[in-house]
Amino acid sequence: DQGLVAGLGHRPGRAGAGRAHRGRRLFALLGTVPDDLADVLEHFSKALVTPSRLPLEMRFRHKDGHYLWVEVIYKLLTDEAGDVQSMVISVREISGRKQTQMALQQSQHLLQQIVETAPTGIYLFDIVLEQCIFYNQRGVLGYSDADIKQGGGHFFENRVHPEDRAIFEDSNTRIRESQEGEVIVSECRMKQASGEWRWIQYHDTVFSRDEAGRPTQYLRTSYDVTERKRTQQALSQEIEERRRIFDSSNDLILVTDSRG
């Protein structure tokens with residue numbers, strides 16, 4: 001293919017002609033990346049037996065040394081008996097597309113690493129399907145993917161402390177009525193996979209809406225605030241105890257600091 005040869009920076013005719021372009025020599029002359037060569041030859045060898053309609057993506061070396069991604073599409077020409085007589089190959093450069101794809105994959109991989117290592121629970125709920133369709137493995141409650149899928153749409157609701165169920169239900173109502181960009185914050189006790197009750201703070205926001213503007217999915221991040229709640233409760237109990245002592249005493253009680 002003289003167009004391919006020229007596209008790789010060679011003068012037409014310099015890479016060989018006729019049968020010299022066929023098979024291994026064709027790809028070697030055009031500078032196929034060594035790591036790709038074995039797969040490329042195997043692909044075409046199998047194509048002669050079991051034709052595939054899937055295009056082949058491979059790299060060729062340009063004359064100046066850099067590599068180009070190309071997409072190879074081929075068609076087998078057969079005789080009346082169905083025997084392959086020749087192969088027509090069409091090649092187009094896709095370097096720009098491949099660079100975009102690789103950049104996207106790297107971005108997705110980075111995002112996945114961030115999500116999986118975040119010290120918070122991250123969940124995506126589908127309101128229409130009534131189920132959790134994504135969560136990070138380090139979720140604060142410690143349940144497995146199988147646990148959540150088997151629990152269905154009421155998995156988390158069924159693990160809310162009985163005394164906090166009204167809080168949980170109210171937050172779900174507020175999510176459905178929330179405005180664009182609004183974050184709904186709530187706190188309730190949830191049962192971990194270990195069986196322990198933990199205080200969890202939820203931040204919920206609508207992730208997607210239908211054409212009528214109704215929420216169809218919402219994103220939830222969760223934080224374990226058990227230690228903070230315990231500290232607050234201990235402080236409240238201490239204040240209440242001091243108030244009880246003050247109220248029940250007939251003596252004059254003076255509270256002062258180091259400055260008098």
Is there side-chain contact between [X] and [Y], with at least one heavy-atom pair below 4.5 Å?
| X | Y | result |
| --- | --- | --- |
| Lys229 | Glu187 | yes |
| Leu124 | Ile133 | yes |
| Arg220 | Ser171 | yes |
| Phe156 | Met190 | yes |
| Phe207 | Pro215 | no |
| Glu169 | Glu157 | yes |
| Gln217 | Ile127 | no |
| Glu182 | Arg174 | no |

Full working for side chain to side chain contact (heavy atoms under 4.5 Å, CB included) between Gln131 and Phe125: CA-CA 6 Å; Gln131 65 180 12; Phe125 289 89; over 6 Å; no
is_close_aromatic(Tyr218, Tyr123), centroid dist under 6.0 Å: no
Check: Phe168 ring centre within less than 6.0 Å of His161 ring centre: no
Lys NZ or Arg CZ of Arg159 over Tyr143 ring: under 6.0 Å, within 45°: yes
Exceeds 12 heavy-atom contacts within 6.0 angstrom, atom CD of Glu227: yes
Give the minimum heavy-atom separation between [X] and [Y], together with the two atoms involved.
| X | Y | answer |
| --- | --- | --- |
| Ile184 | Ser178 | CD1-CB, 4.2 Å |
| Phe134 | Cys132 | O-SG, 3.2 Å |
| Thr226 | Arg198 | OG1-NE, 3.2 Å |
| Ile200 | Ser222 | CG2-CB, 3.6 Å |

Same apolar cluster (I L V M F W Y, side chains within < 4.5 Å links), Val225/Ile167: no
Transitive ILVMFWY side-chain link Trp197 to Val160, under 4.5 Å: no
Any donor-acceptor N or O pair under 3.5 Å, side chains Asp147, Ser144: yes
Between Thr221 and Thr120: side-chain donor-acceptor atoms closer than 3.5 Å: no
Criterion side chain to side chain contact (heavy atoms under 4.5 Å, CB included) against Leu219, the qualifying member of Asp204, Ile122, Val206: Ile122
Side-chain ion pair, Arg97 and Glu71, N-O less than 4.0 Å: yes
Under 3.5 Å: donor-acceptor pair, side chain of Asp210, backbone of Arg214: yes
N/O donor-acceptor pair under 3.5 Å between Asn158 side chain and His154 backbone: yes
Check against salt bridge (Lys or Arg N to Asp or Glu O under 4.0 Å), Glu196 and Lys191: CA-CA 6 Å; Glu196 179 183 3; Lys191 180 180 289 187; over 6 Å; no
Salt bridge (Lys or Arg N to Asp or Glu O under 4.0 Å) between Glu240 and Arg243, intermediate numbers included: CA-CA 5 Å; Glu240 181 61 29; Arg243 181 180 293 111; 3.1 Å; yes
Spatial distance of atom CD (Glu241) from atom CD1 (Ile239) [nearest 0.5 Å]: 12.0 Å
